[in-house]
Novice: 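Supplied in structure tokens, the structure appears directly below.
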Amino acid sequence: MGPHPAVAAIRLAVRRVLHDVLTDLTDLPADRRTSAGTPPLVLVACSGGADSMALASALAFEAPKLGVRAGGITVDHGLQAGSDLRAAEVVSRMTALRLDPVESVAVRVGRDGGPEAAARDARYSALDEAADRLGAAAVLLGHTRDDQAETVLLGLARGSGIRSLSGMAEVSGGPGRTKRYRRPFLQIDRQTARKACMVQSLPVWDDPHNIDPAYTRSRLRHEGLPALEKALGKGVVEALARTAQLSRDDADALDAWAADAEAGVRDADGRLECAKLYALPPAVRRRVLRRAVVAAGSPAGSLFARHIEEVDRLITGWRGQGAINLPGRVEAQRQGGRLVIRQG
């Protein structure tokens with residue numbers, strides 16, 4: 001008799017991702033591969049909640065069969081009394097699953113961008129540091145299809161374009177580690193992960209922040225999505241997750257088009273020519289402008305659609321307006337048919 005369907009589903013998802021990690025490792029340059037004779041290490045980021053505990057259990061089961069070492073990291077955000085004790089308990093649970101190495105990393109959460117964004121930034125910074133220090137080939141994250149649906153709705157509310165609607169990528173990472181983070185559960189719903197924990201008798205911790213109405217995502221989870229399902233019927237979560245994938249495919253195609261188009265709109269001195277920019281489709285032109293603004297030193301995370309729209313008006317609605325001030329002390333202005341973007 002095989003495992004419970006929920007357990008089988010999470011294990012299959014993790015097995016597929018581990019195969020992808022191993023395939024990607026064979027494609028790396030020799031200086032980036034795991035040293036000879038040392039099995040690659042894959043970490044799970046585990047909060048102790050149902051999603052990440054289900055992920056940890058599946059990784060612990062599947063990794064040894066593929067010759068992969070499985071470890072775990074939990075991040076103590078220090079936002080609740082006793083958070084250090086909670087992190088120690090999560091470490092014990094991961095150790096009981098025979099994950100090794102297992103660590104708890106304490107972080108200091110700032111205030112930039114609001115509490116949720118600040119906690120996320122601190123968490124990823126800690127995970128990056130741990131992955132670099134331990135030489136991990138990948139870090140698995142327990143985001144589910146439900147999380148993806150919430151992310152799409154939050155992007156829609158921001159009104160910041162198709163990239164926001166594309167939600168979370170199955171594979172992501174920073175410079176030099178573009179495939180560090182893997183999300184095996186984006187096609188699995190939250191209830192399946194919770195069921196997998198229950199049938200395996202895995203203890204889980206429900207973060208009180210997840211039901212705190214002070215947090216936008218919590219309100220969306222407990223009020224917004226249920227209201228949508230009541231009005232539109234079941235299947236909203238699946239439809240939103242499907243929208244994310246379709247939007248990501250479109251956004252990737254437009255980004256590639258913009259990258260190719262950029263060289264063709266610059267003059268011999270590398271300056272952007274307004275007439276050539278004007279001739280591009282708006283979606284491509286705005287991407288070219290965003291790339292140029294980021295290259296000039298504007299932080300991508302602080303650059304919103306309204307900023308790019310202002311720069312775009314220098315091309316499409318030129319009325320002699322002055323320089324546009326952008327995040328990161330970058331300014332854009334039109335000079336003699338050229339668009340000059342530089343850091344002040």
Novice: Does Arg183 come within less than 4.0 Å of Asp51, counting only side-chain N to carboxylate O?
Specialist: no
Novice: Using a strict cut-off of less than 4.0 Å between a Lys/Arg side-chain nitrogen and an Asp/Glu carboxylate oxygen, indicate whether Arg123 and Asp76 qualify as a salt bridge.
Specialist: no
Novice: Do Ser104 and Val90 come within less than 4.5 Å of each other through their side chains, counting heavy atoms only?
Specialist: no
Novice: Compare all side-chain heavy atoms of Val107 with those of Ser125 and state whether any distance is below 4.5 angstrom.
Specialist: no
Novice: Return the CD to CG distance between Glu310 and Asn325, rounded to the nearest 0.5 Å.
Specialist: 9.0 Å
Novice: Has the side chain of Arg287 got a donor or acceptor atom that lies under 3.5 Å from a matching backbone atom of Trp257?
Specialist: no
Novice: Are Arg86 and Glu89 ion-paired here, with the side-chain N under 4.0 Å from a carboxylate O?
Specialist: yes
Novice: Quick one, Leu141 and Leu127 - any side-chain contact, counting heavy atoms below 4.5 Å?
Specialist: yes
Novice: Determine, for Arg182 against Asp20, whether the closest basic-nitrogen to carboxylate-oxygen distance falls under 4.0 angstrom.
Specialist: no
Novice: Assess whether side chain to side chain contact (heavy atoms under 4.5 Å, CB included) is satisfied between Leu254 and Val284, documenting all intermediate values.
Specialist: CA-CA 6 Å; Leu254 287 167; Val284 177; 4.2 Å; yes
Novice: I need the Arg334 CZ to Arg313 CZ distance, nearest 0.5 Å.
Specialist: 14.0 Å
Novice: Would the distance check show the side chain of Gln148 and the main-chain N or O of His143 forming a donor-acceptor pair, the cut-off being under 3.5 Å?
Specialist: no
Novice: Grab the two heavy atoms, one from Leu220 and one from Pro226, that are nearest each other, plus how far apart they are.
Specialist: O-CD, 4.0 Å
Novice: I'd like to know if Val139 and Met168 are part of one continuous hydrophobic network [Ile/Leu/Val/Met/Phe/Trp/Tyr, side-chain heavy atoms within less than 4.5 Å].
Specialist: no
Novice: Test side-chain hydrogen bond (donor to acceptor under 3.5 Å, both in side chains) on Arg217 and Thr151 and set out the steps.
Specialist: CA-CA 8 Å; Arg217 188 178 284 268; Thr151 301; 3.1 Å; yes
Novice: Atom CG of Leu225 and atom CZ of Arg221: how far apart are they, to the nearest 0.5 Å?
Specialist: 9.0 Å
Novice: Of the non-hydrogen atoms in Leu303 and Ser298, which two are nearest, and what is the gap between them?
Specialist: CD1-OG, 3.6 Å
Novice: Can you tell me how far apart CD (Gln200) and CE (Met53) are? Round to the nearest 0.5 Å.
Specialist: 9.0 Å
Novice: Is Leu59 reachable from Val7 through a run of I, L, V, M, F, W or Y residues, each pair having side-chain heavy atoms under 4.5 Å apart?
Specialist: no
Novice: Is Trp318 reachable from Ile315 through a run of hydrophobic residues whose side-chain heavy atoms are each under 4.5 Å from the next?
Specialist: yes
Novice: Quick one: does Trp205's side chain get under 4.5 Å of Arg93's, heavy atoms only?
Specialist: yes
Novice: Compare all side-chain heavy atoms of Glu273 with those of Arg266 and state whether any distance is below 4.5 angstrom.
Specialist: no
Novice: Counting heavy atoms not belonging to Arg108, are there more than 12 under 6.0 Å from its CZ?
Specialist: no
Novice: Quick check on the hydrophobic clustering: are Ile341 and Ile324 connected, directly or via other members, by side-chain heavy-atom contacts under 4.5 Å?
Specialist: yes
Novice: Closest approach of Leu202 and Ser57, non-hydrogen atoms and distance?
Specialist: CD1-CB, 3.5 Å
Novice: Considering all heavy atoms of both residues, which atom of Gly142 and which atom of Phe185 are nearest to each other, and what is their separation?
Specialist: O-CD1, 4.3 Å
Novice: Check whether any side-chain heavy atom of Thr192 sits under 4.5 Å from a side-chain heavy atom of Thr144, and report yes or no.
Specialist: no
Novice: Atom NZ of residue position Lys234 - does it have more than 12 heavy atoms of other residues, nucleotides or ligands inside 6.0 Å?
Specialist: no
Novice: Are Leu165 and Leu232 joined in one hydrophobic group, where the rule is that I, L, V, M, F, W and Y side chains link up if heavy atoms are under 4.5 Å apart?
Specialist: yes
Novice: Tell me the closest heavy-atom pair linking Leu326 and Ala332, and the distance in Å.
Specialist: CD1-CB, 4.2 Å
Novice: Less than 4.0 angstrom from a charged side-chain N to a carboxylate O is my criterion; do Arg163 and Asp255 meet it?
Specialist: yes
Novice: I need the minimum non-hydrogen distance between Gln343 and Ala296, along with the two atoms involved.
Specialist: CB-O, 3.7 Å
Novice: Hey, are the side chains of His307 and Val311 touching, using non-hydrogen atoms and a 4.5 Å cut-off?
Specialist: no
Novice: Count the heavy atoms of every other residue, nucleotide or ligand shown that sit under 6.0 Å from NZ of Lys179, and state whether that count exceeds 12.
Specialist: no
Novice: Begin from the C-alpha positions of Leu228 and Leu153 and carry the test side chain to side chain contact (heavy atoms under 4.5 Å, CB included) through to its verdict.
Specialist: CA-CA 11 Å; Leu228 277 176; Leu153 284 176; 3.7 Å; yes
Novice: Yes or no on salt bridge (charged side-chain N to carboxylate O under 4.0 Å, His left out) for Arg133 and Glu103, after CA distance, side-chain angles and deciding distance?
Specialist: CA-CA 12 Å; Arg133 176 166 44 81; Glu103 291 187 3; 2.9 Å; yes
Novice: Looking at Asp128 and Arg180, is there a salt bridge between them, counting it only when a charged N and a carboxylate O are closer than 4.0 Å?
Specialist: yes
Novice: Using a strict 4.0 Å threshold on nitrogen-to-oxygen distance, state whether Arg194 and Asp189 make a salt bridge.
Specialist: no
Novice: Is a salt bridge present between Glu150 and Arg190, judged by a nitrogen-to-oxygen distance below 4.0 Å?
Specialist: yes
Novice: Mind checking whether Cys46 and Val102 have side chains closer than 4.5 Å, heavy atoms only?
Specialist: no
Novice: Can you measure from CG (Leu43) to CZ (Arg69) and round to the nearest 0.5 angstrom?
Specialist: 9.0 Å
Novice: When rounded to the nearest 0.5 angstrom, what distance separates CG in Leu186 from CD in Gln245?
Specialist: 9.0 Å
Novice: Tell me, with the steps shown, if Lys276 and Leu280 meet side chain to side chain contact (heavy atoms under 4.5 Å, CB included).
Specialist: CA-CA 7 Å; Lys276 291 181 178 179; Leu280 292 175; over 6 Å; no
Novice: Between Arg306 and Glu309, does at least one N-O distance fall below 4.0 Å, as a salt bridge requires?
Specialist: no
Novice: Can Leu156 and Leu240 be said to form a side chain to side chain contact (heavy atoms under 4.5 Å, CB included), step by step?
Specialist: CA-CA 11 Å; Leu156 182 63; Leu240 288 168; over 6 Å; no
